[in-house]
Amino acid sequence: MADEKSLNFLEEIVEADLKEGKHTRIATRFPPEPNGYLHLGHAKSICLNFGLALKYGGSTNLRFDDTNPVTEETEYVESIKDDVRWLGFNWANELYASDYFPQLYEFAILLIKKGLAYVDDSTSEEIASQKGTPTRPGVANTFRSRTIEENLALFMSMKDGKYKDGEKVLRAKIDMAHVNMLMRDPVIYRIKHAHHHRTRDAWCIYPMYDFAHGQSDSIEKITHSICTLEFVPHRELYDWCIENLAIYPSRQYEFARLNMTYTMMSKRKLLQLVTENHVTGWDDPRMPTLSGVRRRGYTPESIREFCDKIGIAKRENLIDIGLLEFCVREHLNKISLRRMAVLDPIKVVITNYPEGKTELLPSENNPEDETAGSRELPFGREVFIEADDFMEVPAKKYFRLAPGQMVRLKSAYIIKCEAVIKNDEGKVTELHCAYVPESKSGSDTSGIQVKGVIHWVSATHALEIEVRLYDRLFVTEDMNRIEDDFKNHLNPESLKVLSKVYAEPSLKNSKESEHFQFMRTGYFYKDKESTSTKLIFNRTVTLKDMWAKEAKRG
RNA sequence: UGUCCUAUGGUGUAAUGGUAACACUGCAGAUUUUGAUUCUGCCUUUCUAGGUUCGAAUCCUAGUAGGACAACCA
């Protein structure tokens, strides 16, 4: 009976807060900085934040943390909105930290008036060196003792553009000897004469993260502000701001970010892959970005299931990318339409099949879904089969085609290999087979039992398509552990293009909403670069292949 | 030679002082007109040492290991 799923530590906190009456409703937020595309790590955060609000009857804001104009762009804003929607979540309000610039400025003035902030003329190097180290306290400089009036005048001049970038900063006046480095008079405003994607040139001073994030949460009355572990030391400063500004007490909680094997989840490095053309763009199907996995053929359902399965905790983790693949296979198995495509062809001539004859053979679209119906496959005297499905000298336990051996062509007939045709170099170019007329699928009276069933495509009806096979982007399992340039770890075989693949003609009219399983080879999804004359399919993920494992074993 | 966070099978995540479990992976088998799917079974787990307790993965202390912190990034 105890079938209810156990709670993660954040759900426990929320339930306790609700139960104790600390809150009557909860409010969360997803706060991306619009300086890159969203990736799977963000998906974990999105599912958490939106999921919590959904589960406990609250709301979630989408808030862009746009306090650094030099790295942020509208293109990123749009992509982020697309990705969140695609994942299946609706935000209560679309907000921007930059909306709060006037309010944040007032907060800074208030701090100065309380004697809790001062203008510092030091260079960033000087500030850094005066800060001390984690084991040695920092030291105060002379600017720290400026009067309130002087600080007020100076800060207003900063806002009015009287100084150049870097000439002055506003710092919170806390404790230069604090054990937490972040409390040693952190910079809270800096001068940047830069064009902001939303406020344009209205401001030349911009608040730092620590002076914007908590206050933004507070303004929005966020009850549970959830972020990743690296912000743990910031919590003290987060609380300090709220307390000294005497504003709504949002609370920050931290969870461990997602790390995945053979994957790099750093926006900065992903950007580098894009700008240096190691991939074709943010939505390259090899990228761990949401736009990348979407283009590759992942479904939002499978990503959400993945996020649910990995759980939420506070310890560092490295998730096997195999779990992601399991989740997408699980979903795609249920919804994908079965099709046949021969990636590496070998021609088969069915010698006893009448020349010029064509039959239309029905084949189910999805054995997992009776309502998916069936389509008809043209069958003729010449078909292509996969080169892998023939072995001149069969390995043990190999039950596909071999000289003198029989296999079934899926949804068609049983054939027997009678002759192997080779070229001058001894390479097999063609197989001559005989079919068993009474073995037709659905009306088999032959009584023959064959173990092997292989896919095929009629040579005269084949549709030529391009297929792109993807493999992991990196060859190293734990990309957080490397010490050299991460680009040294790129997988040179992460993309293999097969420009001439034979596919059944029904693929011609595939829709964007359709995911396919090319039988026995994997799941595929039509790429956006397809044209009416050239269809391109991305391999989302392979099928599990026990035989490949068996064959490797020898 | 600091402060903070963390420690459960190979990988994740549960067990909230009372029989260590679930998923993935791996291995074995059954079914199968996809060597897929499905089904069955198996392997493997509480960092160490003390303490509290009738009883500790859980509480306490110390140690060990890993991570975070010295951006005018977020």
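As a basis for the values below, the full set of heavy atoms in this structure was taken, side chains included, without hydrogen atoms, waters or symmetry mates. Quantities reported herein were computed from a predicted structural model and do not represent experimental measurements. The chains referred to below are lettered A, B, ... by the order of the sequence lines, with proteins before strands, and numbering in each begins at 1.
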Measure from CD1 on A/I310 to P on B/U25 and round the result to the nearest Å.
16 Å

Mind checking the C1' distance from B/C59 to B/U53? Whole angstroms is fine.
10 Å

As a test of reading the structure: which of B/A74, B/G35, B/A14 is closest to the side chain of A/A313, going by heavy atoms?
B/A14

Strictly below 4.0 Å: does A/R481 bring a side-chain N or O up to OP1 or OP2 of B/G67?
yes

Spacing between A/N259 atom CG and B/U13 atom P, to the nearest angstrom
11 Å

Say you pick atom P in B/C69 and the same atom in B/U58; how far apart are they, in whole Å?
30 Å

Please tell me if A/R235 has a side-chain N or O lying less than 4.0 Å from either OP1 or OP2 of B/C4.
no

Can you find a donor-acceptor N/O pair under 3.5 angstrom joining the side chain of A/R338 to the base of B/U37?
no

Taking the six-membered ring of A/Y118 as reference, does the cationic atom of A/R146 (NZ for Lys, CZ for Arg) lie under 6.0 Å from its centre and within 45° of its axis?
no

Is there, by distance only and without an angle test, a donor paired with an acceptor across the side chain of A/S441 and the base of B/U33 below 3.5 Å?
yes

Can you figure out which of B/A36, B/A70, B/U33 approaches the side chain of A/E368 most closely?
B/A36

Rounded to whole angstrom units, what separation is found between the CZ atom of A/F516 and the P atom of B/A36?
23 Å

Examine B/C73: is either OP1 or OP2 under 4.0 Å from a nitrogen or oxygen in the side chain of A/K192? Give yes or no.
yes

Heavy-atom donor-acceptor pair, A/Q517 side-chain to B/U34 base, under 3.5 Å:
yes

Apply side chain to side chain contact (heavy atoms under 4.5 Å, CB included) to A/N35 and A/E73, showing your working.
CA-CA 6 Å; A/N35 67 345; A/E73 293 173 28; over 6 Å; no

Atom C1', compared across B/G51 and B/C43: separation rounded to whole Å:
35 Å

For the C1' atoms, the ones on B/U45 and on B/G26, what distance do you get once it is rounded to whole angstrom?
16 Å

Side chains of A/T299 and A/H331, donor plus acceptor under 3.5 Å
yes

Measure from the side-chain N and O atoms of A/R144 to the backbone N and O of A/V139, and report whether any donor-acceptor pair falls under 3.5 Å.
no

Between B/G9 and B/C5, how far is it from one C1' atom to the other, in whole Å?
24 Å

Inter-nucleotide C1' distance (B/A7, B/U48), Å rounded:
12 Å

Looking only at side-chain N and O atoms, does A/R136 come under 4.0 Å of OP1 or OP2 in B/G2?
no

Pairwise C1' distance, B/C39 and B/U32 [rounded to whole Å]
11 Å

Take atom CD of A/E73 and atom C1' of B/C73, then tell me their distance rounded to the nearest Å.
16 Å

So, is A/T71 close to the B/A74 phosphate, meaning a side-chain N or O under 4.0 Å from OP1 or OP2?
no

When the distance from CG of A/D369 to C1' of B/U38 is rounded to whole Å, what number comes out?
16 Å

Look through every strand shown and name the nucleotide pairing with B/U64 as Watson-Crick or G-U wobble, where both distances are under 3.5 Å.
B/A7

When you get a sec, tell me which of B/C73, B/U34, B/U6 is the closest nucleotide to the side chain of A/R315?
B/U6

Looking at the side chain of A/D545, which of B/G35, B/A74, B/C72 is the nearest nucleotide?
B/G35

Does one side chain, of A/R184 or A/H178, offer a donor that lies under 3.5 Å from an acceptor on the other?
no

I need the NZ-C1' distance between A/K549 and B/A36, as an integer number of Å.
13 Å

Any chance the side chains of A/D217 and A/Y238 put a donor and an acceptor closer than 3.5 Å?
yes

Out of B/U13, B/A74, B/U33, which has the shortest distance to the side chain of A/R408?
B/U33

Kindly say whether, by distance alone, the side chain of A/R400 makes a donor-acceptor pair under 3.5 Å with the base of B/G35?
yes

Under a plain distance cut-off of 3.5 Å, with no hydrogens placed, do A/E325 and A/Y298 share a side-chain donor-acceptor pair?
no

Can you find a donor-acceptor N/O pair under 3.5 angstrom joining the side chain of A/H234 to the base of B/A74?
yes

Closest nucleotide among B/A15, B/A36, B/U3 to the A/V179 side chain:
B/U3

RNA chain B nearest-nucleotide lookup for A/N35 and A/Y523: closer to the 5′ end is A/Y523

Here's a test of your reading of the structure: between A/A412 and A/V169, which maps to the more 5' nucleotide of RNA chain B?
A/A412

Positions of residues 318-334 of chain A (non-hydrogen atom under 4.0 Å from RNA chain B), listed by number
A/L318, A/I319, A/D320, A/L323, A/F326, A/N333

Length of the CE-P vector between A/M181 and B/C5, whole Å
18 Å

Write down the partner of B/C69 under the Watson-Crick or G-U wobble criteria, each distance required to be under 3.5 Å.
B/G2

Output the single nucleotide from B/G12, B/U37, B/U34 whose closest atom is nearest the side chain of A/K544.
B/U37

For A/W456, is the NZ or CZ atom of A/K410 found under 6.0 angstrom from the centre of its six-membered ring and inside 45 degrees of the ring axis?
no

Pairing partner of B/G26 (Watson-Crick or G-U wobble, both distances under 3.5 Å)
B/C42

Selected nucleotide, minimal atom distance to A/N317 side chain, candidates B/C73, B/G12, B/G35
B/G12

Using the side-chain heavy atoms of A/T135, tell me which of these nucleotides is nearest: B/G67, B/G2, B/A14.
B/G2

I'd like the C1' distance from B/G66 over to B/C72, given in whole Å.
32 Å

Respond yes when some side-chain nitrogen or oxygen of A/R190 is under 4.0 Å from OP1 or OP2 of B/A74, and no when none is.
yes

Using Watson-Crick or G-U wobble geometry with both distances below 3.5 Å, tell me the partner of B/U33, or none.
none

Distance under 6.0 Å and angle within 45° of the ring axis: does A/K168 meet both against A/Y163?
yes

Between B/A23 (P) and A/D308 (CG): distance, integer Å
14 Å

If you check every side-chain atom of A/P233, which of B/A68, B/U32, B/C4 has the closest atom?
B/A68

Of A/H197, A/E72, A/R198, which is the lone residue that meets side chain to side chain contact (heavy atoms under 4.5 Å, CB included) with A/V77?
A/H197

Contact class for A/L409 (heavy atom, under 4.0 Å): base, sugar-phosphate, or nothing?
nothing

Is there a ring-ring contact (aromatic ring centres under 6.0 Å, His included) between A/F524 and A/F516? Walk through the geometry before answering.
CA-CA 5 Å; A/F524 290 80; A/F516 299 100; 9.2 Å; no

